[in-house]
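This report refers to the structure that appears directly beneath it.
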Amino acid sequence: MIRPGEYIRDILQSAAGERHTARGWVKTRRDGKGVHFVQLNDGSVFRDLQIVLDHEVASRLGKAVLDLITTGACLEVTGVLVDSPGSGQSLELRAEEATVHGPAPAATYPLQKKGHTMEYLREIAHLRSRSNTFGAVFRIRNVVSYAIHRFFQERGFLYVHTPIITASDCEGAGALFGVTALDLQALPRTTEGAVDFSQDFFGKPAFLAVSGQLEAEIFALAFSNAYTFGPTFRAENSNTPRHLAEFWMIEPEMAFCDLAGDMAVAEEFLQFLLRDVLERCDEDLDFFEKRIDPTVRDTLRHVAETPFEHLTYTEAIALLEQADRDWEYPVVWGGDLQAEHERYLTEEAVQRPIIVTDYPREIKAFYMRMNDDGRTVRAMDVLVPRIGEIIGGSQREERADVLLSRLKDCGLPEEPYWWYRELREYGSVAHAGFGLGLERLIMYCTGMKNIRDVIPFPRTPGSADF
RNA sequence: UCCCCGUUAGCUCAAUGGCAGAGCAUUCGGCUGUUAACCGAAGGGUUGGUAGUUCGAGUCUACCACGGGGAGCCA
């Protein structure tokens, strides 16, 4: 394996004159008279290492081996790092020995050195990670994931693994995937003709989790601050560049915390992550700025430094009503903010992230804390330009009696929530939390336009390849 | 799920209802410490599928599949 100090990232930071062994995959190759140039990349850094094979080494390797050094081939080269006379790089590795581990026949290798469309690359998801774009995307995804843990760990949050399989169809956060061990060709039936889930693996219907929030609350009320970071599943038939059936979500939950505290954490969290990307992903951001979205770095800097705008839902509605334009969806207090409304707010009225709070209770979930006005709940959505909602959160209803009446109002059964309600009976306290969609954040950090291109292997309606 | 657009060479795209084209990639030759190298030549096609209109369909019609954009749902 490649050890620390041996990655191409490390070699590129070494001094001329040192001997190194570089291993990776060939991005391109150019031939001169009696000299060959190979761009080698091991994924550790955006830049390629230029390998120079001079006439002596080339003839020692022989034409048969030389012909195998093509785009996509896996190559190991040992040589001396020297100052490069060329203009594209300061250092290059002058090869003394070279081994082709796995050739990649040029006639059929799907990745060319020309640009490809994102749609085409998606069809070759097993190879697209070797491309400039996806190398950069997944390095940033990795940096962000690490930063997420650092942010919470540095603040004393406990990382909790909430279940993937759940038997409670809670929350109503969209359609769920059923999980069953029953034989779908011969389903057991009750006398009424319904599927008899008592014979299923869990003895009742089970689903893939749409959120870890309710369990995270359990941990917040034991460990004070907790967070989840894991896969989440929605069976919604959503066909947009912003939705996946399987995505990764971060859900912190804080005890002794109200909505103001919740918003403060959300803002501090987002800014921490963006600053980290700006500091650690300079070369990858160069690429995104040059090829994907020329504004991406400026946007990250701006958002990382500027306090977020705060608006109540009622204020947001007023802003929209004052806007001089024809809405496709009418602006009415009590209705959901439509995409066109969110876009106007973030992209035109305010032009930076906005935290909208205190939504009408009718359009939000049962667990959100009721305000004293009786009409609104302590919900917050963080809206950002281009992506829309990137964070959704709330202060949770900590009062047992109010929670119970909210369940009834929403037409939800009490029984499945017995433990959730019991948390309010024993040692209840104000608490709050939110959910951040990892992929939407990565879209924001990279300027990538389609969420399917910021997750290694996207799952969407009608598509679960690789 | 709804609306709109698209599907032609390995990739990216042209082609008034009338002989199927280019660039890149590939192969071969040339040139060159090269930088998405350059110059020349060659090979490469059931125009997404099915049915129809027409003397004639890549082009028009219907349905289907897949992809993209927008909307809804949401993170």
Side-chain angles (χ1 to χ4, degrees), chain A residues 27-39 47-48 50-55 67 70-72 82-89 92 94 105-124 131-132 171-175 210-213 228-251 266 290-291 328-329 336-343 363-365 381-384 387-393 434-444 449-455 460-463 465:
Chain A
K27 201 156 268 172
T28 68
R29 165 184 163 177
R30 294 174 298 275
D31 297 322
K33 182 160 194 159
V35 61
H36 309 272
F37 302 95
V38 178
Q39 299 296 126
R47 261 180 302 161
D48 304 317
Q50 175 160 284
I51 308 292
V52 183
L53 298 156
D54 64 20
H55 183 69
D67 282 350
T70 59
T71 301
V82 299
D83 291 318
S84 175
S87 59
Q89 60 287 313
E92 62 190 22
R94 182 162 287 274
T108 55
Y109 188 65
L111 270 180
Q112 302 172 3
K113 42 186 164 181
K114 280 286 181 193
H116 291 293
T117 60
M118 295 301 159
E119 293 78 23
Y120 173 70
L121 290 169
R122 213 174 290 149
E123 291 170 8
I124 50 167
S131 68
N132 286 335
E171 273 209 81
V210 295
S211 165
Q213 178 202 315
T228 73
F229 183 5
T232 307
F233 306 90
R234 303 275 167 91
E236 290 290 344
N237 191 10
S238 298
N239 293 286
T240 84
R242 301 179 305 281
H243 289 87
L244 292 165
E246 177 184 286
F247 63 99
W248 286 64
M249 189 156 65
I250 300 96
E251 294 176 289
K290 201 165 78 185
R291 292 292 177 88
E328 189 184 342
Y329 293 84
D336 278 311
L337 292 182
Q338 302 297 322
E340 58 172 343
H341 304 147
E342 294 181 354
R343 196 163 295 143
I363 59 173
K364 287 293 180 183
D381 284 357
V382 180
L383 311 177
V384 297
I387 311 287
E389 184 179 344
I390 198 168
I391 283 179
F434 60 83
L436 167 72
L438 176 67
E439 286 77 17
R440 289 193 179 170
L441 178 65
I442 304 299
M443 288 174 76
Y444 202 63
K449 304 288 185 295
N450 194 312
I451 200 166
R452 296 167 183 138
D453 300 324
V454 296
I455 189 168
T460 54
S463 172
D465 296 328

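Convention: sequence-line order gives letters A, B, ...; per-chain numbering from 1.
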Point to revise | Identified pairing partner of B:U16, criterion: Watson-Crick or G-U wobble below 3.5 Å | key: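 Paired with no nucleotide.
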
Can you check the [X] [atom1] to [N] [atom2] distance for me, whole Å?
X	N	atom1	atom2	value
A:Asp48	B:A37	CG	P	11 Å
A:Asn132	B:A36	CG	P	11 Å
A:Glu251	B:A75	CD	P	9 Å
A:Ile387	B:C74	CD1	P	18 Å
A:Gln112	B:A37	CD	P	12 Å

What is the nucleic acid contact for [X], judged by heavy atoms within less than 4.0 Å: base, sugar-phosphate only, or nothing?
X	answer
A:Phe247	base
A:Gly435	sugar-phosphate
A:Arg452	sugar-phosphate
A:Thr117	sugar-phosphate
A:His243	base
A:Thr232	nothing

Should the side chain of [X] and the base of [N] be counted as holding a donor-acceptor pair, with the cut-off at 3.5 Å?
X	N	answer
A:Ser238	B:C74	no
A:Gln39	B:U35	no
A:Glu92	B:U35	no
A:Asp31	B:U34	no

Exercise for review: Please state whether the phosphate of B:A75, meaning OP1 or OP2, lies under 4.0 angstrom from any side-chain nitrogen or oxygen of A:Arg440.
Suggested key: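 It does not, given that no N or O in the side chain of A:Arg440 lies less than 4.0 Å from OP1 or OP2 of B:A75.
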
